[in-house]
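Since the structure comes first, as structure tokens, the remarks are kept for the end.
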Amino acid sequence: MKENIVFATHNENKLEEIRNILKGWDVVGLHDIGCHEEIVEDADNLQGNAKIKADFVTNNYHLNCFADDTGLEVEALHGAPGVYSARYAGEGCSYHDNVVKLLDAMRGETNRRARFRTVIALNLNGEQYFFEGIVNGRILEDEHGEGGFGYDPVFQPEGYDETFAEMPMEIKNKISHRGRAVQQLVEFLSTSAWSAH
Ligand code: IMP
């Protein structure tokens with residue numbers, strides 16, 4: 001029988017993506033366990049927010065759970081927008097508002113280096129584990145491409161001539177921050193490394 005694990009998200013796309021990779025597990029979302037509230041993510045770093053979400057589920061529902069948090073870290077902006085990437089241009093802002101604010105902040109800046117970073121917190125059988133995925137790249141001067149979401153039109157990963165918004169989703173998923181963090185989680189859950197605990 002497949003073991004149950006909660007992915008602390010309301011995002012059906014993220015859930016579907018994970019279900020396709022974690023075939024040996026029965027992955028359920030917040031909705032599936034009857035958790036309809038927004039979990040307040042008020043930590044000042046990605047690891048803290050991932051932990052808040054995973055702990056919320058484990059403490060309230062007594063289930064194994066993992067949660068992710070992602071940020072875009074721009075070197076010239078001292079790591080901003082970072083943990084505030086979703087609401088960089090203000091509470092309730094759109095992805096495009098964030099991109100416009102970022103391009104404004106970077107106008108005239110020659111150091112365009114940036115990275116996406118995803119942290120996953122996993123609560124499994126009373127133990128807590130963290131996984132991290134990073135993709136390095138640069139912020140372009142303007143938007144390119146229609147695909148993806150968030151900051152994709154202005155982020156060009158190292159070693160590629162296209163932005164995330166211009167490349168096929170399969171390629172982005174393979175090299176992306178989230179893809180890399182998820183690969184680590186999957187490797188961990190697929191081995192017996194954790195079962196000794
Ligand atoms: P979350 O933690 O996955 O909700 O991501 C927080 C924010 O980071 C999102 O609202 C986006 O603005 C940005 N973000 C996360 N992943 C990506 C990505 O793959 N491409 C572009 N932006 C992203």
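Because only heavy atoms are used, hydrogens play no part in the values below, and waters and symmetry mates are left out as well, while side chains stay in. The first residue of the sequence shown is numbered 1, and numbering continues consecutively from there. None of these values were measured; they are calculated from a predicted model. One-based numbering, in listed order, for ligands and for the atoms of each.
Salt-bridge formation is not detected for the pair D69/K51: no Lys NZ or Arg NE/NH1/NH2 atom is positioned less than 4.0 Å from an Asp or Glu carboxylate oxygen. In this structure, E16 pairs ionically with R19, as a charged nitrogen and a carboxylate oxygen lie closer than 4.0 Å.
Residue L63 is found in a hydrophobic cluster whose other members, listed by chain and number, are V6, V28, L30, I33, I39, I52, F56, V57, Y61; membership requires side-chain heavy atoms under 4.5 Å apart, directly or through intermediates.
Neither side chain, N136 nor E158, offers a donor N or O lying under 3.5 Å from an acceptor on the other.
Pairs engaging residues 92-109 under the side chain to side chain donor-acceptor pair (under 3.5 Å) rule: S94-D97, H96-E143, D104-R107 [sequence neighbours left out].
With sequence neighbours excluded, the residues forming a side chain to side chain contact (heavy atoms under 4.5 Å, CB included) with N45 are Q47, listed by chain and number.
Protein neighbours of ligand 1 below 4.0 Å, counting non-hydrogen atoms: K14, D69, T70, S85, A86, Y95, F116, F149, G150, Y151, D152, K172, H177, R178.
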